[in-house]
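Bear in mind the structure is a predicted one, so any value in this text is a computation, not a measurement. Computed over heavy atoms, backbone and side chain alike; hydrogens, waters and symmetry mates excluded.
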Amino acid sequence: MLAIENKKHCAAIVLAAGQGKRMGTSVQKQYIELEGKPLIYYSLKTFQESGLIDSVVLVVGEGQVAYAQNEIVLKYGFSKVCAVVEGGKERYDSVWQGLKTVSQEPEVSYIYIHDGARPFVDDEILNRGYETVEQFRACVAGMPSKDTVKVVDEQGFAINTPDRKYVWVIQTPQIFEKSLIMEAYARLMKEEHEDVTDDAMAVERMMKVPVKMFEGSYQNVKITTPEDLAIAKVFLREK
């Protein structure tokens with residue numbers, strides 16, 4: 001655990017409300033077993049054991065609150081999970097439900113928002129994020145792209161090739177000063193912004209505040225397809 005002098009109170013919102021349709025299973029991806037544990041277990045364990053994170057709000061799908069409370073939170077002793085709440089149709093709806101819950105904790109200074117389908121978030125990522133949000137108010141984990149990226153038009157023809165050194169692959173956690181992310185989402189929810197796919201976009205668009213990138217990890221992958229799950233098993237065995 002990282003010892004930080006005068007550490008500010010940090011809450012985490014862990015998102016586990018996705019349908020996981022690309023996984024091709026009847027079980028929602030956050031509950032698929034990875035080496036004998038549900039996928040969501042691994043990120044919650046990291047937050048539970050982190051010296052930075054003081055409380056966790058778990059956001060789950062419709063009708064899953066009791067199951068998650070009993071079969072995840074209580075079963076594995078995740079005492080930092082102070083609430084399990086239902087999410088919404090879109091990611092930003094689920095984040096908003098989590099934020100409204102965190103808003104009831106006046107002591108919170110920073111909020112980590114993390115996809116529960118990223119099981120390999122670790123202490124080093126959380127620590128780098130804390131140092132960055134302290135300085136810049138808004139930051140996002142990510143890694144420089146290993147591949148050349150093409151921008152295409154509606155017909156699929158390449159129209160631009162950005163310089164790879166300026167292209168990052170975005171991950172979570174995305175970390176924000178509480179008042180900043182609360183106001184960004186309060187404004188977002190009053191308007192139609194269906195193209196907002198992550199929290200950084202909400203802050204950039206609604207608050208006009210720049211978001212600083214910090215280094216995540218190439219292993220901090222999001223489990224979306226069966227191929228991802230196979231890779232995750234390899235990473236887990238290496239640990």
Side-chain angles (χ1 to χ4, degrees), residues 10-23 28-31 39-40 43-44 47 53 55-65 68 81-105 108-119 121 125-126 129 132-133 136-142 168-214 216 220-225:
C10 297
I13 296 171
V14 177
L15 303 172
Q19 296 298 309
K21 295 177 181 177
R22 283 176 286 180
M23 188 61 73
Q28 290 182 310
K29 66 182 178 184
Q30 55 267 29
Y31 304 126
L39 187 63
I40 188 65
S43 57
L44 287 174
F47 287 116
I53 305 302
S55 60
V56 177
V57 173
L58 176 60
V59 184
V60 299
E62 183 180 357
Q64 296 175 9
V65 170
V81 177
C82 61
V84 181
V85 299
E86 278 193 10
K89 181 181 178 183
E90 303 295 340
R91 184 186 188 278
Y92 55 79
D93 295 315
S94 295
V95 173
W96 181 233
Q97 294 306 314
L99 286 172
K100 287 192 294 184
T101 303
V102 172
S103 70
Q104 299 171 26
E105 301 178 54
V108 172
S109 294
Y110 301 124
I111 300 177
Y112 286 64
I113 303 174
H114 184 66
D115 292 327
R118 292 186 186 272
V121 62
I125 295 173
L126 300 185
T132 309
V133 76
F136 298 101
R137 303 181 66 208
C139 63
V140 173
W168 281 53
V169 178
I170 303 305
Q171 302 177 349
T172 65
Q174 303 194 3
I175 313 166
F176 307 92
E177 192 176 83
K178 179 185 176 183
S179 59
L180 179 66
I181 192 65
M182 289 297 306
E183 180 61 25
Y185 264 89
R187 295 181 185 183
L188 179 71
M189 300 309 291
K190 293 178 181 178
E191 304 179 20
E192 291 290 332
H193 288 282
E194 294 183 358
D195 59 332
V196 172
T197 55
D198 77 344
D199 315 300
M201 284 184 70
V203 169
E204 292 159 0
R205 183 174 298 181
M206 308 310 298
M207 305 300 289
K208 310 302 181 187
V209 171
V211 176
K212 178 70 172 177
M213 297 299 306
F214 71 92
N220 187 27
V221 294
K222 187 174 183 180
I223 309 304
T224 303
T225 66

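Taking the side chain to side chain donor-acceptor pair (under 3.5 Å) definition, one finds that N220 meets it with Q171, sequence neighbours left out. Residues passing the ring-ring contact (aromatic ring centres under 6.0 Å, His included) test with Y110 are Y130, sequence neighbours excluded.
Annotation: side chain of I113 is in contact with side chain of I181 (closest heavy-atom distance under 4.5 Å). Side-chain contact check for D93 versus M189: some heavy-atom pair is nearer than 4.5 Å. W96 is listed as a side-chain neighbour of M182, based on a closest heavy-atom distance under 4.5 Å. Side-chain contact check for W168 versus V140: every heavy-atom pair is 4.5 Å or farther apart.
The distance from atom CD of E183 to atom CG of L180, rounded to the nearest 0.5 Å, is 9.0 Å. Here the CD1 atom belonging to I125 is positioned 8.5 Å from the OG1 atom belonging to T172, to the nearest 0.5 angstrom. Residue R205 holds its CZ atom at 14.0 Å from CZ of R187, rounded to the nearest 0.5 Å. Of the inter-residue distances, the one linking L99 atom CG with I111 atom CD1 reads 5.0 Å to the nearest 0.5 angstrom. One distance of note links CG of L15 with CG of D199; it measures 7.5 Å at 0.5 Å rounding. Distance check, rounded to the nearest 0.5 Å: CD of Q174 to CE of M213 gives 8.0 Å.
Without hydrogens or angle criteria, Q30 side chain to I40 main chain gives no donor-acceptor distance under 3.5 Å.
For P119 against V221, the heavy-atom pair with the smallest separation is CD-O, 3.7 Å. The two atoms that bring A16 and L58 nearest to each other are CB-CD1, 4.1 Å, heavy atoms only. Across G116 and V14, no two heavy atoms sit closer than the pair CA-CG1, 3.8 Å. In terms of heavy-atom proximity, S94 sits nearest to G88 at OG-N, 3.0 Å. Shortest non-hydrogen contact noted between C139 and G129 is SG-O, 3.6 Å. Listed here is the closest heavy atom pair of I170 and R118: O-NH2, 3.5 Å.
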Exercise. Please test T132 against I175 for side-chain contact (heavy atoms from CB on, under 4.5 Å), starting from the C-alpha separation and ending with a verdict.
Key: CA-CA 9 Å; T132 309; I175 313 166; over 6 Å; no
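Using cut-offs of 30° and 60° for the angle between ring planes, the Y112 and F47 rings count as perpendicular.
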